[in-house]
Number of protein chains: 2
Amino acid sequence: MFSGDTSDPSDLSPAAVAAARERRKESKASAKLAKSAKRSAAAAEAAAAAALAARPLPFAASPPARPWGDYGLIRSSTRSSRVYSPVAALPSLEGQAALVRARVHSVRSKGGGSFLVLREAGTLDTVQAAHFKKSDAEHGGDVARYIAGLPAESIVDVEGVVVPAQVRSCTLSTHELAVSSIHAVSRASPPPFTVEDAARSSEVVEASQATERPFPRLGQELRLDSRWLDLRTPSSSSILRVRSAVCQLFREALYAEGFAEIQTPKLLPGESESGAGVFRTDYFGSPACLAQSPQLHKQMCISGDAGRVFEVGPVFRAENSNTRRHLCEFTGLDFEMEIKESYEEALEVAHGTFKHIFEGLETRWARDLSAIRSQYPSSPVLVTDDPCVLHWREGQEILAEEGFDMGDGMQDLTGKQELALGRVVREKYGTDFFILHKYPASIRPFYTMKCPDDPNYSNSYDMFIRGLEISSGAQRCHDVGMLVENIEAKGIEDWEGSLGKYVDSFRHGISPHAGAGIGLERVVFLFLGLDNVRKATIFPRDPNRIKP
Amino acid sequence: MFSGDTSDPSDLSPAAVAAARERRKESKASAKLAKSAKRSAAAAEAAAAAALAARPLPFAASPPARPWGDYGLIRSSTRSSRVYSPVAALPSLEGQAALVRARVHSVRSKGGGSFLVLREAGTLDTVQAAHFKKSDAEHGGDVARYIAGLPAESIVDVEGVVVPAQVRSCTLSTHELAVSSIHAVSRASPPPFTVEDAARSSEVVEASQATERPFPRLGQELRLDSRWLDLRTPSSSSILRVRSAVCQLFREALYAEGFAEIQTPKLLPGESESGAGVFRTDYFGSPACLAQSPQLHKQMCISGDAGRVFEVGPVFRAENSNTRRHLCEFTGLDFEMEIKESYEEALEVAHGTFKHIFEGLETRWARDLSAIRSQYPSSPVLVTDDPCVLHWREGQEILAEEGFDMGDGMQDLTGKQELALGRVVREKYGTDFFILHKYPASIRPFYTMKCPDDPNYSNSYDMFIRGLEISSGAQRCHDVGMLVENIEAKGIEDWEGSLGKYVDSFRHGISPHAGAGIGLERVVFLFLGLDNVRKATIFPRDPNRIKP
């Protein structure tokens with residue numbers, strides 16, 4: 001029921017146009033059968049489309065007039081019947097003509113031949129397109145000159161017959177396209193660095209430094225300044241999909257456990273959980289700030305009888321931390337659930353969820369992991385069937401044995417201590433993923449339930465991958481009196497304005513509950529053993545970077 | 001591998017505790033077989049748990065000492081082997097003892113009997129629990145008095161045998177629990193309104209006004225001030241799940257079309273797309289603002305060769321609009337994709353996605369829809385198999401025929417006009433969901449591709465449900481020169497700081513692309529035919545509300 005883009009009012013009826021579209025669909029199907037059939041159907045189609053549009057077409061109708069040249073700007077003037085094939089489908093089209101849209105990764109000429117490596121967006125696929133002058137007495141020279149002048153990173157439409165070939169430089173190694181026509185969709189200006197350079201492992205780059213043609217070392221800032229280019233490497237492209245996959249697997253695991261997804265407000269009155277580290281704004285004349293976590297609202301959903309909830313959303317931290325693992329804005333994977341008796345119930349959900357994520361990545365996203373690991377080597381995360389949960393005291397003992405001075409045993413772990421703990425746990429229990437619980441209450445937020453036997457400790461936990469923290473959580477304090485006491489003991493003043501409603505939500509009956517907040521970027525960065533969390537972030541924000 | 005919560009260091013080994021846990025699991029399984037077996041296993045289990053914990057247990061171990069009374073605060077002191085049953089599982093336990101945790105919806109006494117309606121969190125299930133004094137000569141009177149003193153909205157553990165019964169007031173109408181013990185987990189203070197009052201349809205409330213006992217009319221502000229209470233009604237609870245479902249169905253449809261999920265930064269330099277309507281903040285000494293949409297970054301992902309991306313995330317609008325359909329923070333369902341020739345390709349994806357959402361809700365979330373419709377009546381959204389796409393001019397003609405003065409035909413539609421258009425389209429084409437395209441360029445953002453034939457119009461579209469807009473989108477302008485021209489023509493000054501990187505991302509080759517932004521709350525509110533978008537928002541934000 002497209003009314004199309006026609007200037008003839010009599011043609012505006014969706015019903016009439018639906019019929020025209022139906023015809024177009026049919027012609028599309030038949031076009032797949034054979035090249036000649038396709039050509040004639042396409043010509044008929046082009047005529048029909050032209051009649052429908054009844055106006056000049058800046059975007060060349062199918063087939064284009066000349067076998068080479070730049071298209072005009074594609075502006076949806078018409079829709080031809082040309083069928084674009086993804087690179088992965090080409091082997092099944094052997095001997096037939098195919099049309100591919102892709103980016104020019106590289107161009108090289110040799111004798112009378114031109115060879116393009118074409119890189120497809122959204123997949124890891126590359127294919128070689130080969131053109132030989134002698135293949136076309138009339139236009140061969142023109143096409144060769146045109147190809148030689150195409151800048152890398154330009155986007156092109158290449159038409160040609162799919163022929164068997166042995167191509168080592170492309171992911172499609174069994175076939176190539178014998179170019180019959182090539183048109184630029186979008187020409188690239190010279191980029192600040194090439195995707196080829198950005199895609200090399202540091203091992204290869206360093207090894208090349210002693211040779212005559214050392215590969216350039218591309219610094220992180222240079223890459224991030226033109227992040228859209230850096231995203232085009234196989235590893236970045238796969239990391240983007242792995243991020244997506246972690247979210248998908250996280251949700252799959254929690255849907256199966258009866259959770260519902262929520263979105264809670266990021267604009268909060270006053271100063272949220274604590275005064276430090278918040279971004280402030282003016283909210284129609286009142287002071288407001290950006291949520292440092294969905295903590296308060298996911299708990300209010302528990303009071304609202306949602307039972308089990310999760311959220312995937314941004315988390316804001318105005319902390320001037322310039323480290324390889326801190327960001328000022330990251331994606332929180334949060335969950336919160338009623339518990340019957342113990343936060344162990346939440347730890348079991350967390351463990352099952354992480355296991356589903358790790359196993360899902362290694363199996364269903366194996367190709368992406370392989371692409372990432374070929375630039376950034378890493379091994380799979382070891383994980384036990386049952387949760388590996390260490391008591392705070394056990395952690396302290398292990399670290400004391402490792403030679404650390406643990407003082408009074410009540411201080412938060414340093415990064416070095418966490419790494420050492422991760423190493424020992426791996427040796428002792430055979431896992432890269434573990435949970436440390438019963439943290440001292442003094443280093444946990446006011447909404448944490450203290451231990452029943454000793455108020456100096458709390459029903460809290462952190463989760464680690466390879467000795468780096470990816471998640472924090474706890475049983476929450478669901479007693480109003482105790483909650484107010486905690487707030488005041490933490491020195492939070494004038495909390496009525498920012499926390500009053502939150503406290504009120506515990507007055508009308510509330511189930512004991514527990515949950516956790518997980519940093520998506522941390523999970524991706526540590527799962528993949530990357531050296532910097534920014535590599536796991538699409539457009540990172542840190543104290544020195546708010547662009548692009 | 002739980003190291004548990006023990007004070008004996010020799011018990012800390014995860015391996016030792018894993019074995020203990022294994023035993024506990026087995027005892028759990030056998031406990032299901034029969035009540036007596038369960039009791040003895042539970043007693044053995046309680047002893048084992050006590051030995052493991054080796055400390056006083058503030059939370060009563062299983063079985064509790066007395067058949068009535070308040071628990072101490074549940075603080076994860078121990079984990080018993082008691083098995084909690086969801087209400088939905090009770091019919092399968094007929095004749096057996098079961099333990100249920102739920103909220104006291106109402107209590108009523110009659111003769112020697114006490115009757116509780118128990119409401120389960122996270123489901124729509126309610127079950128009756130009945131207690132008769134004479135059933136227990138020793139404690140019957142105590143238990144009856146205890147039940148009579150339980151405030152509504154308290155959370156309780158009720159144990160009893162599942163017996164056949166006819167119960168009209170509960171969703172479980174075939175069985176009830178014959179109470180043998182009842183303990184309060186959390187007592188409720190008197191709430192500002194009852195969930196029962198909040199759950200009535202306005203039809204019933206209005207009809208009662210002429211009677212002797214009129215039901216209270218609960219205003220929207222009262223409900224929102226204690227949103228956690230209002231969330232406990234069947235309709236609110238189901239709306240929360242329908243929101244979750246829309247996100248799930250949106251993603252399902254797009255995963256199937258090869259999309260990856262992205263998260264883009266909400267903190268932007270300068271003033272984002274336009275100066276008006278942005279929340280500002282200080283970013284480590286530089287001016288920044290909150291993203292009004294993920295537009296710029298999802299397009300940069302296209303330049304980054306992500307191919308097809310979507311995002312589910314918050315969108316901020318500092319607009320002082322106090323209407324039933326505007327929010328200052330809402331959830332955007334955005335997608336962006338490369339197109340080969342025409343934005344029709346994106347419209348097909350959008351149509352398929354909405355169809356999947358509408359049909360998925362009616363089938364897989366039918367019970368939730370029914371709960372919502374019993375308080376807020378509505379009919380399913382009519383939708384055609386193929387997209388119903390109307391040209392801007394057809395829209396103008398229809399509205400002129402409806403008696404509206406359309407002026408020069410270049411002004412954005414008013415709410416009234418949109419509703420009238422929705423009505424006519426429904427009559428003419430049999431659909432509640434349609435797309436209007438080719439809007440005047442003057443009323444669309446700078447990043448919109450203008451029509452190839454007439455720069456006064458644009459390759460843009462809005463989508464409507466029942467005559468109200470739920471989505472805006474367009475083919476984007478992917479030509480650098482044209483883009484800069486558009487920015488300057490819109491009067492955006494000093495755009496280099498806020499838009500410079502975005503413009504740069506088009507310089508290195510970019511595919512034509514199109515997409516759309518959809519308001520989650522609008523979809524839910526209009527799909528359900530609600531009177532106010534706030535009902536479809538968990539914790540709404542408007543110019544007068546930033547709490548709770």
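Atom set for the values below is all heavy atoms of this structure, side chains included, hydrogens, waters and symmetry mates excluded.
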Original post:
For B:Gln248 and A:Arg251, does a side-chain donor sit closer than 3.5 Å to a side-chain acceptor?
Top reply: no
Subject >> Sub-4.5 Å side-chain heavy-atom contact between B:Ser286 and A:Ile546 >> reply: no
**OP:** Look at B:Gly500, B:Cys247, B:Ser154 and state which one has the largest set of heavy-atom pairs under 4.5 Å with chain A.
**Re:** B:Cys247
Original post:
Hey, does the side chain of B:Arg101 reach the backbone of A:Ile339 with a donor-acceptor pair shorter than 3.5 angstrom?
Top reply: yes
Subject >> Which portion of A:Ile262 sits near chain B, non-hydrogen atoms under 4.5 angstrom >> reply: both
Subject >> Between CG on residue B:Leu240 and CD on residue A:Gln263, distance to nearest 0.5 Å >> reply: 9.0 Å
Original post:
Side chains of A:Arg541 and B:Leu268: closer than 4.5 Å at any heavy-atom pair?
Top reply: yes
**OP:** Test B:Lys340 against A:Asp157 for side-chain contact (heavy atoms from CB on, under 4.5 Å), laying out the working first.
**Re:** CA-CA 10 Å; B:Lys340 296 291 193 277; A:Asp157 273 4; 5.6 Å; no
**OP:** May I ask you to name which of A:His297, A:His351, A:Arg308 has the most heavy-atom pairs under 4.5 Å with chain B?
**Re:** A:His297
Original post:
Does any heavy atom of chain B fall under 4.5 Å from the side chain of A:Pro151, the backbone, both, or neither of them?
Top reply: neither
Original post:
Counting heavy-atom pairs under 4.5 Å to chain B, which of A:Leu520, A:Asp504, A:Val185 comes out on top?
Top reply: A:Asp504
Original post:
Tell me, side chain or backbone of B:Phe506 under 4.5 Å from chain A's heavy atoms, or both, or neither?
Top reply: neither
Subject >> Over all atoms of both residues, closest heavy-atom pair of A:Phe284 and B:Ala318 >> reply: CZ-C, 3.9 Å
Subject >> chain B contact via A:Asp282 - side chain, backbone, both or neither, heavy atoms under 4.5 Å >> reply: backbone
Original post:
Measuring heavy-atom distances to chain B, does A:Phe330 have an atom under 4.5 Å in its side chain, in its backbone, in both, or in neither?
Top reply: neither
**OP:** Please report the closest heavy-atom contact between B:Gly509 and A:Arg232, naming both atoms and the distance.
**Re:** O-NH2, 3.3 Å
Original post:
Under 30°, 30 to 60°, or over 60°: which ring-plane class applies to B:His508 and A:Trp228, parallel, tilted or perpendicular?
Top reply: parallel
Original post:
For the atom pair SG (B:Cys477) and CG (A:Leu73), what is the distance rounded to the nearest 0.5 Å?
Top reply: 7.0 Å
**OP:** Could you pull out the closest heavy-atom pair between B:Ser186 and A:Ile510, with the gap in Å?
**Re:** OG-N, 2.9 Å
**OP:** Please look at A:Asn320 and chain B and tell me whether the side chain, the backbone, both or neither of the residue comes under 4.5 angstrom of a heavy atom of that chain.
**Re:** both
Original post:
Is chain B contacted by the side chain of A:Phe316, its backbone, both, or neither, given a heavy-atom distance below 4.5 Å?
Top reply: side chain
Original post:
Is chain B contacted by the side chain of A:Ile435, its backbone, both, or neither, given a heavy-atom distance below 4.5 Å?
Top reply: neither
**OP:** Heavy-atom pairs under 4.5 Å with chain A are the metric here; pick the option from B:Arg507, B:Met482, B:Arg187 that has the most.
**Re:** B:Arg507
Original post:
Which residue out of A:Arg241, A:Lys547, A:Glu120 racks up the most heavy-atom pairs below 4.5 Å with chain B?
Top reply: A:Lys547
Original post:
Is the backbone N or O of B:Ser80 less than 3.5 Å from a side-chain atom of A:Glu341, with the two atoms forming a donor-acceptor pair by type?
Top reply: yes
**OP:** Find the distance between CZ (B:Arg227) and SG (A:Cys301) and round it off to the nearest 0.5 Å.
**Re:** 9.0 Å
**OP:** Please tell me if the side chains of A:Glu329 and B:Lys266 come closer than 4.5 Å, counting only heavy atoms from C-beta onward.
**Re:** yes
**OP:** Flag the one option from A:Phe539, A:Phe434, A:Phe310 with the top tally of heavy-atom pairs under 4.5 Å to chain B.
**Re:** A:Phe539
Original post:
Using non-hydrogen atoms only, which part of A:Met449 is less than 4.5 Å away from chain B: side chain, backbone, both, or neither?
Top reply: side chain
Subject >> Top contributor to chain A contacts, counting heavy-atom pairs under 4.5 Å, from B:Asp479, B:Val480, B:Val195, B:Asn544 >> reply: B:Asp479
**OP:** Please determine, among B:Gly122, B:Gly497, B:Gly304, the option with the most heavy-atom pairs under 4.5 Å with chain A.
**Re:** B:Gly304
Subject >> chain B interface, residue from A:Pro548, A:Ala514, A:Gly307 that has the most non-hydrogen pairs under 4.5 Å >> reply: A:Pro548
**OP:** Indicate the atoms forming the closest heavy-atom contact of A:Ala121 with B:Glu338, along with that distance.
**Re:** CB-OE2, 3.1 Å
Subject >> Closest non-hydrogen atom pair, A:Leu267 against B:Phe279 >> reply: CD1-CE1, 3.7 Å
**OP:** Run the numbers on A:Lys450 and B:Arg75 for side-chain contact (heavy atoms from CB on, under 4.5 Å), then give the verdict.
**Re:** CA-CA 8 Å; A:Lys450 291 181 182 171; B:Arg75 298 175 77 171; 3.7 Å; yes
Original post:
Where does A:Arg119 contact chain B at under 4.5 Å (heavy atoms): side chain, backbone, both or neither?
Top reply: side chain
**OP:** Please examine the side chains of B:Asp225 and A:Lys501, heavy atoms only from C-beta on, and report whether any two atoms are closer than 4.5 Å.
**Re:** yes
Original post:
To the nearest 0.5 Å, what is the distance between OG (B:Ser303) and CG (A:Leu231)?
Top reply: 8.5 Å
Original post:
What distance separates A:Ser244 OG from B:Phe259 CZ, expressed to the nearest 0.5 Å?
Top reply: 11.5 Å
Original post:
Under a 4.0 Å N-O cut-off, is there an ion pair linking B:Glu348 with A:Arg79?
Top reply: yes
Original post:
Is the backbone N or O of A:Ile74 less than 3.5 Å from a side-chain atom of B:Gln475, with the two atoms forming a donor-acceptor pair by type?
Top reply: yes
Original post:
Which of the residues A:Val104, A:Thr264, A:Leu229 is involved in the greatest number of heavy-atom pairs with chain B at under 4.5 angstrom?
Top reply: A:Leu229
Original post:
Is there a donor-acceptor pair closer than 3.5 Å between any side-chain N or O of A:Ser342 and the backbone N or O of B:Ser76?
Top reply: no
Subject >> Side chain / backbone / both / neither for A:Thr331 at chain B, heavy atoms under 4.5 Å >> reply: side chain
Original post:
Of the listed residues (B:Pro540, B:Pro314, B:Gly313), which shares the most heavy-atom pairs with chain A below a 4.5 Å separation?
Top reply: B:Pro314
**OP:** Would you confirm whether A:Arg103, through its side chain, and B:Asp305, through its main-chain N or O, come within 3.5 Å as a donor-acceptor pair?
**Re:** no
